[in-house]
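Below is one structure, written out as structure tokens; the observations come after it.
Naming convention: chains lettered A, B, ... in sequence-line order (proteins, then strands); numbering from 1 in each chain.
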Number of protein chains: 2
Amino acid sequence: SEKFVSTIMDAASEGKKLGVEDPRRIIHSMKVGLAITLVSLFYYFDPLYQGFGVSAMWAVITVVVVFEFSVGATLGRGVNREIATLLAGSLGVGAHRLASFAGERLEPMLIGLSVFFVASAVTFVRFYPKLKARYDYGFLVFILTFCLISVSGYRDDEVLDMAHKRLSTILIGGSAAVADYILICPVWAGEDLHNLVASNIENLGIFLEGFGHEYFQTRNDNPQDDKASLEKYKSVLNSKSTEESLANFAKWEPRYGRFRYRHPWDQYLKIGVLVRECAYRLDALNAHLNSEMKTPPQVKAKIQETCTKMSSESSLALKELALSIRTMSSSSQADPHIVNAKSAAKKLKSLLKMNPWEDTDYLDEIVPATAVSSLLIEIVSSTVKIADSVHE
Amino acid sequence: SEKFVSTIMDAASEGKKLGVEDPRRIIHSMKVGLAITLVSLFYYFDPLYQGFGVSAMWAVITVVVVFEFSVGATLGRGVNREIATLLAGSLGVGAHRLASFAGERLEPMLIGLSVFFVASAVTFVRFYPKLKARYDYGFLVFILTFCLISVSGYRDDEVLDMAHKRLSTILIGGSAAVADYILICPVWAGEDLHNLVASNIENLGIFLEGFGHEYFQTRNDNPQDDKASLEKYKSVLNSKSTEESLANFAKWEPRYGRFRYRHPWDQYLKIGVLVRECAYRLDALNAHLNSEMKTPPQVKAKIQETCTKMSSESSLALKELALSIRTMSSSSQADPHIVNAKSAAKKLKSLLKMNPWEDTDYLDEIVPATAVSSLLIEIVSSTVKIADSVHE
């Protein structure tokens, strides 16, 4: 039982951490509870219940199933569910009517065949990557509704009535969910995407800020702190799937606040690709920090000034870019830093041309230093690309 | 209408491509159709219908919702659904019974409160990353069932009967789905993960095989073909989320074929991390292929032999490792290649120590070459790490 208590304590402390990390999670949970309780009113009040009967159950199901963390995801699921139900309902009623002309013997066979073909075809369509990204849930509901309507229609002749009730309860459930969502502390997927891209760029900047000091060991006051900030870029490496799903959700969201109706969500994905490319270079740079091939300080000293300059100016430029994304201003604050980084890169190139290590006998001592130099040069040009893409 | 026809044609050709790429997709679609048609039999045959009534609908819903592409995903959803329904059903009946002691006035309020608290709490628990990965669907079904049972219990006093029917129909639907899945051409998530990791390693090998020729331009017979094989490693960069979800599904799968019961799925994830690290280095190497800083051939010539050796030996080692994963044999075929790659790396290091470009005046001409050298050295050590991890 002691183990049980410690498990509970662990779970509670992790729950607290999750809540502190993003308080919207707690609000979201309570919103779901509230919406379901509201929809349950269908059952409590006699007049409402007599209008819809057992179909009111579908409103509860819809709210539970449609509720997602962000507005875009909820709207996407809601619209998908509504349209799929409408289409599949009509098709199911049609299939039922057609089959009933064929006589009592053939009817179940025809319906069975149509269920088989519709279910197989729609399941296959779910493999289309583009359709899957936006309408996957709709296809699922389509199969479900079509099967329920056409199959249960064989028993219950009030199919039309059932289809109608299902659709209207889903509409009510869906609207309740969406209204609840937009009115109480909405979480916008678009805003999350916006902030994610900005903080990814910022994380690259944080790495580059610390890199110069770490590589040339010019600051050792708080190594623990440095290590942590140097690891932050790692989350950028695998951000692709998060970004893509947020962009998909964002496309469902209506115009709001700072975001125009046709906000260029795809541009964020393009920036994301460039940011990840830059992050791969940082990862290579990071490998040099932890490398076993030690470069003597006197070798490093030759390139220290320009490299530190490139790293810190790129860092400042990236941070300014992140800030200009956050504030949605097309500021040119990053431009001077980019100019500085570029000129430092140029200086480094001409420095290398003259071979600053002519007095060094062993080339292998300078190999890591030149590798770091050329990575930094690439990072500067990568920063320029990100800047161009952000300004677009 | 011409546009409509061309859209249809495009969709058809894309569908054909999807089918040819992975014929299991077509089989999967037909399996879903078949399973749903089979479950629909509940409605067609009078004896079965009289046993279950409208609850038979739940069997259809279960089959539609539980069916996923791989056995692991289907089993995971099925088990989640079944256990969640059982737990939530008992809890719902309990809540209903307790509330009914409180009198007619208080009952709806108490039930409303319990719905609110359960829905909020379970929604919050869905944010725990570890629980979300494996039991997310179960939590959803838990909320759904609890609300339906406790709320509709207020109307219908035959709650226990309803809960029992729901559970048994879900059991039947779920079993039908699972039986269908395991008997007809099953798709195992574990096998997919296994093959994905192997082909990722293979793709790294393919890049390294082509890299030597491409960089030193020793082969130009079919540049188009080379370009395509040099791009293959890019799919590795973003493979993390696919690998993780496949590993999650694989954990639901029973012992089968070549995979032991406690197959170390987590080891695949560890290999995956190393493979991606190596892919980041390849990406940096690839940047050198497309770089504007051209290295004169006479500079490249000095390192051509060792670099080509390192690249091709690493490539062979990676390909052997991929093969040994595929065949699940702990063969040591890769070892001699690793030894060769290591000794080539050592040779390159000592070559660099003596500075092979002493006659070159401009260091900037040799910087890219040294960068390529040091990247290749890192790739060799990365290959060694992958080999160690595969042998484990």
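Under the 4.5 Å side-chain criterion, counting only non-hydrogen atoms from C-beta, A/Leu34 is not in contact with A/Lys31.
Contact annotation for A/Asn238: only side-chain heavy atoms (C-beta onward) come within less than 4.5 Å of a heavy atom of chain B. Using a 4.5 Å cut-off between heavy atoms, B/Leu131 does not touch chain A at all. Within the 4.5 angstrom heavy-atom criterion, only side-chain atoms of A/Arg281, from C-beta onward, approach chain B.
Here A/Arg276 pairs with A/Ser239, A/Glu243 under the side chain to side chain donor-acceptor pair (under 3.5 Å) rule; sequence neighbours left out.
In this structure a side-chain-to-backbone donor-acceptor pair under 3.5 Å is present from B/Ser13 to B/Asp10.
The greatest number of non-hydrogen atom pairs below 4.5 Å with chain A, out of B/Ala279, B/Ala121, B/Gly15, B/Pro129, is found for B/Gly15. For the options A/Lys240, A/Arg25, A/Met30, heavy-atom pairs under 4.5 Å to chain B are most numerous at A/Arg25.
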Give every donor-acceptor pair under 3.5 Å between a side-chain atom in residues 113-120 of chain B and any protein atom, sequence neighbours left out.
unit_1, atom_1, unit_2, atom_2, d
B/Ser114, OG, B/Ile111, O, 2.9
B/Ser120, OG, A/Ser29, O, 3.3
B/Ser120, OG, B/Phe116, O, 2.8

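Cation-pi geometry between A/Arg77 and A/Tyr137 is met: the NZ or CZ atom falls under 6.0 Å from the ring centre, inside 45° of the normal.
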